[in-house]
Amino acid sequence: RDVSRVLMNCGWTHEFEYVTEDGLSLDMAQPTSMHAVEVDGPFHYLRNSTTGRFTENGSTQLKTRLLEGLGWTVTRIPFYEWDEAGDKHRYVEAKLGLAQRRR
């Protein structure tokens, strides 16, 4: 819900926990523009034990491909980026490209 609140404060109105016509559940979505924001916790990732780098797991990658195949734009907010983002508002604007649109 923190991400949803920041999105609203940035002017990105959306539906929370939206389910598409195809039965795919989205954390947040703008159905008319077909833009989804998915907030991904640790279970969406695999971590390389040598480098420490996170990689999306297979089911997360599949869901993104399915949504994109249906015409959706998917923006993912990984837990490790969200946790480290100092200014959440700027982080969200950068992720969604909102700052560039206002200029």
Side-chain angles (χ1 to χ4, degrees):
R1 294 208 183 260
D2 289 343
V3 176
S4 179
R5 185 173 45 254
V6 173
L7 286 168
M8 292 296 276
N9 289 339
C10 290
W12 200 82
T13 57
H14 58 275
E15 292 188 37
F16 189 73
E17 297 181 356
Y18 179 79
V19 178
T20 70
E21 292 177 6
D22 300 287
L24 296 167
S25 177
L26 305 173
D27 293 332
M28 288 151 275
Q30 289 181 331
T32 54
S33 65
M34 294 184 75
H35 192 156
V37 172
E38 291 282 276
V39 181
D40 296 334
F43 293 111
H44 288 266
Y45 297 91
L46 303 172
R47 188 169 193 174
N48 183 305
S49 60
T50 305
T51 65
R53 186 169 176 233
F54 290 99
T55 306
E56 290 179 358
N57 65 25
S59 59
T60 300
Q61 291 178 26
L62 177 60
K63 184 176 180 183
T64 299
R65 277 186 246 144
L66 287 170
L67 287 165
E68 289 173 347
L70 293 167
W72 286 83
T73 299
V74 181
T75 300
R76 295 203 163 274
I77 298 183
F79 74 97
Y80 56 90
E81 288 182 4
W82 182 255
D83 291 347
E84 293 179 11
D87 185 335
K88 307 292 191 201
H89 190 92
R90 279 191 186 196
Y91 171 80
V92 165
E93 284 185 331
K95 273 303 240 195
L96 296 176
L98 298 175
Q100 293 85 0
R101 289 185 207 157
R102 283 197 204 121
R103 291 182 186 160

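This one's a predicted model, so the numbers in the text were calculated from it and none came from an experiment. As a basis for the values below, the full set of heavy atoms in this structure was taken, side chains included, without hydrogen atoms, waters or symmetry mates.
Every residue two or more places apart in sequence or in another chain was checked for a ring pair (Phe, Tyr, Trp, His ring centres under 6.0 Å) with His44, and none qualifies. Residues passing the ring pair (Phe, Tyr, Trp, His ring centres under 6.0 Å) test with Tyr80, sequence neighbours excluded: Tyr45, Phe54. Not a single side-chain hydrogen bond (donor to acceptor under 3.5 Å, both in side chains) links Thr55 to another residue, sequence neighbours left out. With sequence neighbours left out, the side chain to side chain contact (heavy atoms under 4.5 Å, CB included) criterion links Asn48 to Thr50, Thr51. Remark: Asp22 pairs with no residue by the side-chain hydrogen bond (donor to acceptor under 3.5 Å, both in side chains) rule, at least two apart or across chains. Shown here are the side chain to side chain contact (heavy atoms under 4.5 Å, CB included) partners of Thr75, two or more places apart in sequence or in another chain: His35, Val37, Lys95, Leu96.
Across His14 and Ser4, no two heavy atoms sit closer than the pair NE2-OG, 2.7 Å. Nearest heavy atoms, Glu93 versus Cys10: CG-SG, 3.9 Å.
To the nearest 0.5 Å, atoms CG (Leu70) and CD (Glu21) are separated by 9.5 Å. Atom CD of residue Glu56 and atom OG1 of residue Thr64 lie 5.0 Å apart, to the nearest 0.5 angstrom. Note that CZ of Arg1 and CE of Met28 are 10.0 Å apart. Values are rounded to the nearest 0.5 Å. Atom OG of residue Ser33 and atom CH2 of residue Trp12 lie 6.5 Å apart, to the nearest 0.5 angstrom. For the atom pair CH2 of Trp72 and CG of Leu24, the computed distance is 9.5 Å after rounding to the nearest 0.5 Å. One distance of note links NZ of Lys63 with CZ of Arg76; it measures 6.5 Å at 0.5 Å rounding.
Leu26 and Val39 fall into different hydrophobic clusters, where Ile, Leu, Val, Met, Phe, Trp and Tyr side chains are chained together by heavy-atom contacts under 4.5 Å. Tracing side-chain contacts under 4.5 Å through hydrophobic residues (I, L, V, M, F, W, Y), one reaches Tyr18 starting from Leu66; they form part of the same cluster. Leu7 and Val74 are not part of a single hydrophobic cluster, where members link through side-chain heavy atoms under 4.5 Å apart. A chain of hydrophobic side-chain contacts below 4.5 Å, direct or via other Ile, Leu, Val, Met, Phe, Trp or Tyr residues, connects Val6 to Phe16. Transitive grouping of hydrophobic side chains (ILVMFWY, heavy atoms separated by less than 4.5 Å) keeps Val3 and Phe79 in distinct clusters.
Distance alone, capped at 3.5 Å, places no donor-acceptor pair between the Glu15 side chain and the Ala29 backbone.
Looking at heavy atoms from C-beta onward, Thr13 lies in side-chain contact with Gln30 at the 4.5 angstrom threshold. Between Val92 and Trp82, some side-chain heavy-atom pair lies under the 4.5 Å cut-off.
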